[in-house]
Each structure stands twice: as C-alpha cells, then as structure tokens.
Q: 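Sharing a structure with you now.
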Amino acid sequence: MKIETTSDQALGYPAEVMGWGRYPRSHSNVLPIFSPREAERALQQRVGLTLLGRGQGRAYGDAASNSGNVCLDFTPSDRFLGFDAKRGLLHAEAGVTLEQILNEFIPRGWFLPVTPGTKYPTLGGCVACDVHGKNHLSISNYLERLHMLLADGSYVTCSPKEKPDLFWATTGGMGLTGLILSVELRLQPIESSYLRYEGIKANNLEEIFRLFEESETCPMTVAWIDCLAQGRTLGRSIMMRGEFARKADLKTSARRRQALAVSHNPKLIVPINFPAMSLNRFTVAAFNAVYFGKHPKRVEAIMDYDSFFYPLDSVLQWNLIYGKPGMVQYQFLIPSKHSFEGIKTLLEAISATGKASFLAVLKKFGPMKPQGPISFPVPGYFLALDFPVGNGEILKHMERWDELVLKFGGRIYLAKDANLRAETFRAMYPRLDEWLQVKKKYDPNNVFVSDMARRLGLLSPGGAVPKMKKSKLGTRGK
Ligand SMILES: Cc1cc2nc3c(=O)[nH]c(=O)nc-3n(C[C@H](O)[C@H](O)[C@H](O)COP(=O)(O)OP(=O)(O)OC[C@H]3O[C@@H](n4cnc5c(N)ncnc54)[C@H](O)[C@@H]3O)c2cc1C
C-alpha cells in the first residue's frame with residue numbers, strides 16, 4: 001500500500017510494521033531519519049498524515065506502529081554527540097542502541113544506569129517507554145536533558161527543571177509528545193563488567209516475597225517464576241541477585257587484566273517461524289520442572305554482563321518461535337499494599353486457564369519518587385509473561401485478567417501491551433488527565449499518533465485525528 005502526501009512525493013517507503021511480538025501488524029510509510037533537519041522536513045511535508053518516532057521496534061505491541069500514516073525511523077540517527085568523563089554524562093542521538101553504548105563505554109569504565117532485558121533497543125525508545133531493569137529505578141531518573149522537535153516545528157530542551165511538564169510526559173509518553181532527537185544520560189561507573197551473581201531457590205510465593213523483602217539493599221534483583229506451579233508450590237521461583245564485581249573480586253589475573261571486557265558471547269538464530277504448537281503447556285511444564293529441579297538451593301558465581309542482563313539476546317529472532325500469529329506479553333504491576341494477594345490471585349487465574357508462559361519474570365519495585373504521569377513503575381511487584389497469540393483465545397483471557405489487575409489497583413505496562421481497552425487503561429492510570437493536558441499543550445492537533453494512541457485514547461482532547469487508512473494486513477488478530 002502506498003501512502004501519498006498531497007504533493008507528488010510519498011513520505012518514506014511503504015512497509016509492514018510491527019513490534020517485537022509481531023502482533024498486531026500494520027502498514028505504514030517508514031521514513032529513515034538521518035538528521036534533525038529531515039525530521040523537520042517531515043513535519044512540513046506531512047500534509048494531513050500523522051507521524052510517530054520509531055526505534056528498533058522492540059516494544060511488543062502497537063506502540064511504535066502508525067497504520068496508514070508515517071513512522072519516522074530514528075535508527076540512522078546513531079551518533080555520539082559528547083561525553084563528560086568527569087560526570088559520566090553521555091550525550092547521544094536518539095537512534096543510538098544500548099549495545100553501541102556498552103561497546104564504547106565499558107572499556108572506559110562506564111555502564112548503563114538502567115537496562116531492559118535486551119541491549120538492542122534505541123535510547124529514544126527507552127526514554128519514550130521509561131524502561132526499567134533489574135535495579136530499582138527507571139531510566140527517567142538518570143536523564144539530565146532531552147532534546148526534542150515539537151509538533152509546531154520548534155526545537156526544545158527539557159529536563160526535570162526546564163519544561164518539567166514536557167519532560168515527565170515524554171518519559172513513558174510512548175513517543176506522543178514530540179520527537180526525541182538526542183538524550184543526555186548519566187552513566188554509572190564500574191570497576192569491572194562482571195557481576196557477582198547469586199541464585200536462590202524459593203519453593204513457593206511466600207518464600208520468594210520474603211527473599212525480595214530481604215534483598216532491598218541488593219542493587220539488582222529479579223526472579224524467574226514457574227507460572228504453571230499450583231497448590232503448595234504456587235509461585236516457586238529462582239531469585240537472581242547481582243551487583244557489579246570489583247576488580248579484586250575477579251579470581252584470575254587474566255580476568256583482572258580484562259576486567260572491562262565487552263562480551264561477545266556466541267549467538268544462535270531462529271531462522272524461520274516455528275509451528276505454533278511447539279510451545280504449549282506440556283513443553284513449558286517439562287522445561288520448568290527441569291530448570292527448577294536442576295537449580296541448586298543456592299549458587300554464587302561471577303558472571304559476564306551479557307549472561308546476567310541479556311540471556312534472551314543469545315538467541316536472535318527468538319520471537320519467531322511463537323509462530324506466524326505472533327505473541328503477546330502480559331506485564332502487570334500490583335502496588336505494594338496488595339502485591340502478595342494480587343500476584344497470587346493472578347497466578348491462580350492464569351494457571352487455571354492452562355495457558356503457559358515460557359518466559360515468566362517477577363520483580364519488586366521499591367520506594368521511588370513519582371515518575372511521569374503514565375510511566376509504569378510505582379512501588380509494588382510486577383509479573384511479566386509471554387503467550388503465543390495462536391487462535392486469539394489468549395486475548396479474551398487477558399481482558400479478564402485486566403479486571404483482576406484493576407481490582408488490586410494495578411496497571412499494565414504500555415511497552416508490552418497490544419490488547420488493553422481504553423476504559424481499563426484510564427482506570428489503571430489515574431494521572432492520565434494530567435498527561436492529556438500536556439499532550440494538548442505541546443501537540444494540540446495530534447501530529448504524533450500511534451495505533452496504541454488510537455486504541456487507548458492517548459490523543460489531545462478536542463484535537464483532530466486523521467482516520468487510519470485500511471491496510472491489507474492491518475487486521476488485528478491475523
Ligand atoms: C527481549 C526483550 C526484553 C525486554 N525487557 C524489558 C525490560 O526488562 N524492561 C523494560 O522496561 N522494557 C523491556 N523491553 C521493552 C523494550 O526495552 C522497550 O520497549 C524499548 O523502549 C524499545 O526500544 P526501541 O528502540 O525498540 O523502540 P520502539 O519499540 O521502536 O518504540 C517504542 C516507543 O518509543 C517511541 N519512540 C522510539 N523512538 C523515538 C524517538 N526518537 N522519538 C520519540 N518517540 C520514540 C515509539 O513511538 C514507541 O512508542 C524488552 C523488550 C524485549 C524485546
């Protein structure tokens with residue numbers, strides 16, 4: 001499908017666009033952005049089409065899709081613009097990937113202050129999602145300034161002090177407040193790129209919650225959880241704790257000499273779509289039983305950062321194992337007051353449906369300052385589970401789980417979402433109106449729109465929204 005501007009020239013090239021889950025899929029024009037001037041030109045030439053900044057497409061659902069309109073692909077904007085070695089302050093273009101930062105700055109003794117479970121996303125995408133990792137705060141806590149291009153064509157800088165409303169609405173604002181051109185990020189100093197790792201088995205939900213409470217002072221914690229366990233073993237898990245190793249912690253002198261090594265672990269690749277049947281309750285149950293059974297009660301190790309932070313990256317294109325219909329991630333958070341009861345209820349409900357998640361992660365967020373109005377992290381526990389879309393039955397289950405999450409005052413993470421309803425989303429994010437006012441102030445005519453924005457009502461109140469054009473593959477659920 002060709003999407004024309006009213007001038008003869010099409011803005012970008014037509015492409016099928018999707019997130020990491022490969023569900024839903026849509027068609028839009030994709031325009032590679034090599035410089036801020038090109039983004040400015042797109043604003044001038046869009047003639048009625050809406051625009052959306054896009055990174056590496058690692059958000060799972062429709063956050064980075066803009067059906068029948070234009071996605072501005074920032075991946076070519078990938079230059080480092082400056083580094084203050086005294087403060088560890090990096091200034092980089094929005095399309096720089098986390099991997100690029102690691103490769104360049106680990107040898108100089110610096111690491112990302114926060115990293116999601118993959119190193120392939122762009123900095124701009126991570127800011128727009130306000131990503132979190134194994135430590136306790138999200139990336140917005142480590143940002144010095146954002147440099148943006150707004151809907152009216154103006155270039156602005158925002159920070160917690162300058163235009164704080166724009167800054168906080170942009171961190172977690174899913175690309176809908178303006179285009180992020182470059183980011184100033186405070187890196188953290190490290191003596192080595194290795195982690196002191198501790199893995200501890202928990203036989204049920206009570207035990208893993210106790211372990212999280214006892215690990216408050218540990219810089220990084222996360223747990224793998226067996227989402228199929230029921231009854232006495234409901235919530236059996238493996239707690240993974242870690243902190244950066246000091247040089248003296250490294251046992252051999254060879255390793256100490258290479259303390260700031262960049263990992264180049266071998267990668268496997270999934271070459272084709274797997275048959276949708278390959279991941280089911282039985283294969284997942286078998287894997288879980290072996291994984292949990294073989295894990296020692298407690299284990300300590302020195303681990304390279306790739307193995308600790310990015311185990312999923314060791315298999316490239318692993319999203320293809322979910323088959324052609326794609327996959328969805330269900331990531332929900334239950335605030336501290338009701339965390340235990342909420343997580344228990346949801347685990348029981350999910351297990352009762354017989355739907356199995358190969359990947360299942362439990363994590364606690366501790367005390368933190370208030371984040372952006374629609375940022376995901378608040379104190380509490382979250383659980384993230386991946387499911388094949390298959391025949392679409394899972395989507396109906398998710399709607400029922402949404403009601404339970406809501407009952408416990410919880411919320412769904414937008415970077416993983418493809419299915420939430422607008423009214424449920426509104427009930428989950430009580431500061432939505434505050435965000436909408438900022439959207440109205442900086443983008444009153446809805447220049448920046450995504451499929452997620454249309455679905456969830458993340459649009460300027462009273463602003464025009466051009467209809468999305470029908471595309472051949474754009475039908476949800478296909
Ligand atoms: C294996 C895996 C593990 C993950 N683990 C985690 C995790 O632990 N924690 C976590 O928080 N997330 C996690 N994620 C999600 C992922 O890290 C985030 O969604 C990330 O932000 C995606 O970055 P991207 O460059 O791919 O952005 P995209 O997916 O392309 O876009 C994401 C959003 O950012 C906006 N955007 C992108 N670039 C710009 C720009 N220049 N200007 C304005 N808006 C822009 C888009 O409009 C969209 O709304 C994981 C994803 C995968 C695939």
Side-chain angles (χ1 to χ4, degrees), residues 17-22 28 30 33 36 39 42 50-66 69-78 92-100 112 114-135 137-140 146-151 169-183 220 222 309-319 327 329 331 333 359 361 363 365 371 374-377 382 384 386 413-417 443 447-453 456 458:
V17 172
M18 62 193 97
W20 182 247
R22 308 175 76 244
S28 55
V30 174
I33 299 294
T50 63
L51 306 178
L52 181 71
R54 181 176 165 95
Q56 289 281 355
R58 250 57 186 192
Y60 277 58
D62 53 1
S65 302
N66 190 14
N69 286 273
V70 184
C71 289
L72 304 181
D73 168 13
F74 273 86
T75 56
S77 297
D78 62 351
E93 286 186 332
V96 161
T97 64
L98 304 185
E99 184 183 33
Q100 271 178 273
L112 295 161
V114 170
T115 174
T118 168
K119 62 187 172 195
Y120 299 125
T122 64
L123 207 43
C126 287
V127 169
C129 295
D130 194 13
V131 295
H132 53 266
K134 290 187 167 66
N135 56 346
L137 298 175
S138 62
I139 199 164
S140 57
L146 299 178
H147 302 275
M148 298 181 64
L149 178 60
L150 299 185
T170 300
T171 54
M174 309 310 289
L176 298 168
T177 52
L179 300 170
I180 302 165
L181 301 174
S182 66
V183 175
M220 284 169 275
V222 73
F309 289 110
Y310 311 116
L312 289 170
D313 285 350
S314 60
V315 183
L316 300 175
Q317 298 181 15
W318 60 261
N319 50 351
M327 61 150 165
Q329 183 165 108
Q331 180 167 350
L333 184 153
L359 178 132
V361 170
K363 160 97 191 130
F365 284 137
Q371 315 284 295
I374 58 167
S375 235
F376 176 66
F382 76 71
D386 283 353
Y413 184 22
L414 293 185
K416 307 291 178 67
D417 176 53
D443 183 18
V447 171
F448 301 112
V449 175
S450 63
D451 291 353
M452 170 173 274
L456 298 180
L458 285 163

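As the structure lists them, so they are numbered: ligands from 1, and atoms in each ligand from 1. Predicted model, so just to flag it, every value in this text is computed and none were measured. Start at 1 with the first residue, then count along the sequence.
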Q: In the protein, what heavy atom is nearest to atom 47 (O) of ligand 1, and what distance, to one decimal place, separates them?
A: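 Result for atom 47 (O) of ligand 1: G53 O, 2.6 Å.
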Q: For atom 31 (O) of ligand 1, which candidate among G133, G175, A64, A39 holds the nearest heavy atom?
A: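 Shortest heavy-atom distance from atom 31 (O) of ligand 1: A64.
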Q: How far is atom 5 (N) of ligand 1 from its nearest protein heavy atom, and which residue and atom is that?
A: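 Closest protein heavy atom to atom 5 (N) of ligand 1: G117 N, 3.1 Å.
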Q: Going by heavy atoms in the side chains, are F74 and L123 under 4.5 Å from each other?
A: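 In short, these two side chains do not touch, never coming nearer than 4.5 Å.
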Q: Any sub-3.5 Å donor-acceptor pair from D443's side-chain atoms to F448's backbone N or O?
A: yes
Q: Provide, to 0.1 Å, the distance between atom 41 (N) of ligand 1 and the closest protein heavy atom, together with that atom's residue and name.
A: I180 O, 3.0 Å
Q: Counting heavy atoms only, which of K119, R54, H132 is nearest atom 9 (N) of ligand 1?
A: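 Among K119, R54, H132, the closest heavy atom to atom 9 (N) of ligand 1 comes from H132.
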Q: I'd like to know whether ligand 1 has K416 as a neighbour, heavy-atom separation below 4.0 Å.
A: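 Within the 4.0 Å threshold, so yes.
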Q: Does F376 reach ligand 1, in the sense of a heavy atom lying below 4.0 Å from it?
A: no
Q: Do S138 and Q371 meet the criterion of a side-chain donor-acceptor pair at a distance under 3.5 Å?
A: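 Indeed, the side chains of S138 and Q371 share at least one donor-acceptor pair under 3.5 Å.
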Q: Using heavy-atom distances only, which candidate in P121, A63, G95, G19 approaches atom 20 (C) of ligand 1 most closely?
A: P121
Q: N/O of T118 under 3.5 Å from N/O of ligand 1, yes or no?
A: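 N/O-N/O distance below 3.5 Å does not exist for this pair.
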Q: Is there a side-chain contact between W20 and M327 (heavy atoms, below 4.5 Å)?
A: yes
Q: Using distance alone, decide if ligand 1 has a nitrogen or oxygen within less than 3.5 Å of any nitrogen or oxygen in W20.
A: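 By distance alone, the answer is no.
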Q: Going by distance only, is there an N or O of T115 that falls short of 3.5 Å from an N or O of ligand 1?
A: no
Q: What do you reckon, does A59 have a nitrogen or oxygen under 3.5 Å from a nitrogen or oxygen of ligand 1?
A: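 Yes; at least one N/O pair falls below 3.5 Å.
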Q: Below the 3.5 angstrom mark, is there an N/O of G57, backbone or side chain, next to an N/O of ligand 1?
A: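 There is such a contact, yes.
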Q: Which residue supplies the protein heavy atom nearest to atom 24 (P) of ligand 1, what is that atom called, and how far is it?
A: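 For atom 24 (P) of ligand 1, the nearest protein heavy atom is Q56 N, 3.4 Å.
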Q: Hey, is the main chain of P377 close enough, under 3.5 Å, to the side chain of S375 for a donor-acceptor pair?
A: no
Q: Within the side chain of E93, is there an N or O that forms a donor-acceptor pair under 3.5 Å with the backbone of D78?
A: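 Yes: the side chain of E93 pairs with the backbone of D78.
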Q: Among A384, P311, P116, which one has a heavy atom closest to atom 7 (C) of ligand 1?
A: P116
Q: Please could you name the atoms of ligand 1 that A415 approaches to less than 4.0 Å, counting only its heavy atoms?
A: 19 (O)
Q: Do any N/O atoms on Y60 end up under 3.5 angstrom from N/O atoms on ligand 1?
A: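 No, since none of the N or O atoms of Y60 sits under 3.5 Å from an N or O of ligand 1.
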Q: Looking at residues at least two apart in the chain, or sitting in another chain, which of them share a ring pair (Phe, Tyr, Trp, His ring centres under 6.0 Å) with F365?
A: H132, F382
Q: With a cutoff of 4.0 Å, is W318 in contact with ligand 1, counting heavy atoms of the residue only?
A: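 The answer is yes, since W318 has a heavy atom less than 4.0 Å from ligand 1.
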Q: Would A94 count as a polar contact of ligand 1, with the cut-off being nitrogen or oxygen pairs under 3.5 Å?
A: no
Q: Main chain of N69, side chain of T50: is a donor-acceptor contact present, judged purely on distance under 3.5 Å?
A: no
Q: Return a yes/no value for G55: is any of its N or O atoms, backbone included, closer than 3.5 angstrom to an N or O of ligand 1?
A: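 G55 vs ligand 1: N/O contact under 3.5 Å present.
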Q: Decide whether an N or O pair under 3.5 Å exists between G125 and ligand 1.
A: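 Between G125 and ligand 1, an N or O pair is found under 3.5 Å apart.
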Q: Is it true that a side-chain atom of T170 and a backbone atom of G173 form a donor plus acceptor pair closer than 3.5 Å?
A: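 Looks like no, no N/O pair under 3.5 Å.
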Q: Got the closest protein heavy atom to atom 18 (C) of ligand 1, with its distance?
A: V131 CG1, 3.9 Å
Q: Taking C-beta and beyond as the side chain, do L458 and V449 meet within less than 4.5 Å on heavy atoms?
A: no
Q: Looking at CG of L333 and CZ of F376, how far apart are the two atoms once the value is rounded to the nearest 0.5 Å?
A: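 Answer for the CG-CZ pair, L333 versus F376, is 4.5 Å.
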Q: In terms of residue, atom name and distance, what is the protein heavy atom nearest to atom 33 (C) of ligand 1?
A: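 The closest one turns out to be C129 SG, 3.8 Å.
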Q: Can you tell me the protein heavy atom closest to atom 26 (O) of ligand 1 and the distance?
A: R58 N, 2.7 Å
Q: Going by the order shown, which atoms of ligand 1 are within less than 4.0 Å of some heavy atom of L52?
A: 47 (O)
Q: Provide the number and element of each atom of ligand 1 under 4.0 Å from a heavy atom of M174.
A: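 Here the atoms of ligand 1 in question are 47 (O), 49 (O).
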Q: For atom 35 (C) of ligand 1, which protein heavy atom lies nearest, and how many Å away is it?
A: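 Looking only at protein heavy atoms, the one closest to atom 35 (C) of ligand 1 is A128 CB, 3.5 Å.
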Q: Can a non-hydrogen atom of G178 be found less than 4.0 Å from any atom of ligand 1?
A: yes
Q: Under 3.5 Å, is there a donor-acceptor pair between the side chain of D130 and the main chain of S140?
A: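 Side chain of D130 to backbone of S140, a donor-acceptor pair under 3.5 Å: yes, one is there.
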Q: Side-chain contact test, heavy atoms from C-beta onward, threshold under 4.5 Å: evaluate it for L179 versus I33 and give yes or no.
A: no
Q: Only heavy atoms of Y413, strictly under 4.0 Å: list the atoms of ligand 1 that pass.
A: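 Within the 4.0 Å cut-off of Y413, ligand 1 contributes 10 (C), 11 (O), 12 (N).
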Q: Find all atoms of ligand 1 within a distance of less than 4.0 Å from any non-hydrogen atom belonging to C126, and give their numbers and elements.
A: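 What qualifies from ligand 1 is 21 (O).
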